[in-house]
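Remember, it's 1-based here, ligands and their atoms both numbered in the order they're listed.
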Amino acid sequence: MDENFYDCIDCGTENCPCYLALTGDCLVCSRLSGKDCCDCDWKGVCVYNEFIQGGKRVNNIRNEFEAQVKEKKKYEEGTEVLVLEVGRGFALKCSWPGSYVFLRCREDESFYSIPISVLKSDIRGGKIHLAVKELSAKSKRILTADTLVVRGVYRNGILGIKDIIGTRGRVDTARKIMIVTKGIGFAPAALLIAWIGGRTQSDIFIDKDKIDEKLIEEYLPECLNGKVSYIDLRREFEYKKTERVSEIYREGGHNTLVVLTSDYYLSEIGKVLKIDAKSNNYRLCCGEGICGACSYTDDFGRTFKMCKCSASEIPGIFDKF
Ligand code: FES
């Protein structure tokens, strides 16, 4: 079994080397994970060299900062969209698909931080839009605030997104993408569609359960180059099993499938179709690969930090939850 197939979402970015280099737990570099030789598969800038040349420091720590809530828009199904003023540079970083940030109230302890996917990035206005569903303690708290403490940007909100972004930082136009969303999974889908910018055909199938149709109408990017269809996943799976989803995929001539739903539907769809990217439903707590809340252990007993690992290299990750 090849040991060096880890792919870290932050590797080679402005946030590399990270805290894991400091503690000798780098997911990619063998030298920075306890070995005395170089045998990684990474084809970008050498992480070890960067770490040594940079004075053995973490690069560009994601510091917390305060952001004003410029607007709060209420929708049905207990959802609110918060519009935060974050500055153009930060908004630009948030425009990449899979982006999410941690939020908490100024007066709350750090353990109140909650990861929220970016729904829309308004780069010119220096604002980000975040859809928050009121569920429990953390989400209730942030919906009360006029100023929020933001930490980010984190990149791994969609597992497998690295493959779709590709090495040149733009979508491969040969892809014909089918996106399936349910509930708040619409948020990362909207950002993905905005990033694709109509450069390739993307058809979106939305399950409107637990999300207000008005929010969908308002935030579905106009640049979508493809069809918008509504699907009731519960009915589909109850009455027709998985056949219709695979029929839609095949009839539409799609070659890439992005599923942004709960684990149950991910698992059901994954049984009949190869999923190329999926929502990161792991418990994200620190986002830095430190706390271990997002750990996944495979059949070989190896543990992966799913806030960092790009999933496509991990055996079994797309069909096991
Ligand atoms: S969220 Fe803390 S290690 Fe992944």
Side-chain angles (χ1 to χ4, degrees), residues 3 5-29 32-34 42 47 51 57-65 93-94 96-104 108-118 130 132-133 135-139 141-142 148-162 184-185 187-188 191 260 262-263 266 277-298 300-318 320-321:
E3 283 180 28
F5 60 87
Y6 290 81
D7 201 357
C8 172
I9 197 82
D10 287 330
C11 198
T13 69
E14 59 167 13
N15 301 109
C16 175
C18 71
Y19 295 98
L20 297 179
L22 212 57
T23 57
D25 297 294
C26 180
L27 299 172
V28 172
C29 171
L32 294 173
S33 56
W42 174 241
V47 181
F51 188 61
R57 278 196 299 266
V58 175
N59 208 10
N60 284 311
I61 289 173
R62 292 170 171 112
N63 287 315
E64 288 186 327
F65 67 94
K93 290 180 200 168
C94 286
W96 285 80
S99 294
Y100 68 96
V101 294
F102 283 91
L103 302 177
R104 69 173 170 88
D108 287 345
E109 303 292 338
S110 59
F111 51 71
Y112 271 88
S113 288
I114 179 173
I116 302 284
S117 283
V118 177
L130 307 159
V132 181
K133 206 167 177 67
L135 287 174
S136 190
K138 290 180 175 182
S139 49
R141 284 294 297 157
I142 59 169
L148 286 167
V149 176
V150 181
R151 176 163 53 87
V153 179
Y154 293 89
R155 306 180 173 88
N156 218 17
I158 302 178
L159 296 174
I161 195 65
K162 233 179 164 180
I184 207 75
L191 192 71
L260 304 167
S262 65
D263 285 347
L266 275 166
K278 69 181 187 99
S279 44
N280 188 347
N281 293 340
Y282 288 86
R283 309 269 183 247
L284 302 176
C285 182
C286 69
E288 299 281 355
I290 301 292
C291 72
C294 62
S295 293
Y296 161 77
T297 304
D298 72 4
F300 300 94
R302 299 170 303 184
T303 299
F304 301 86
K305 311 272 182 67
M306 296 312 297
C307 60
K308 286 275 196 179
C309 283
S310 188
S312 48
E313 295 83 5
I314 304 172
I317 199 72
F318 274 90
K320 206 174 269 183
F321 301 95

Shortest non-hydrogen contact from N60 to E14?
ND2-O, 2.9 Å

Might you point out which heavy atoms bring C94 and V101 nearest each other, and give the distance in Å?
SG-CG1, 4.3 Å

So, taking the atom named CG in N280 and the one named CD1 in I158, what distance separates them when rounded to the nearest 0.5 Å?
9.5 Å

Identify the two heavy atoms, one from Y100 and one from S117, that lie closest to each other, and give their separation to 0.1 Å.
CB-CA, 3.8 Å

Using a cut-off of 2.8 Å, how many protein N, O or S atoms lie below it in distance from atom 2 (Fe) of ligand 1?
2

Checking K308 side chain against I290 main chain: does a donor-acceptor pair fall under 3.5 Å?
no

Heavy atoms only: give me the nearest N15-R62 pair and the separation to one decimal.
OD1-NH2, 3.3 Å

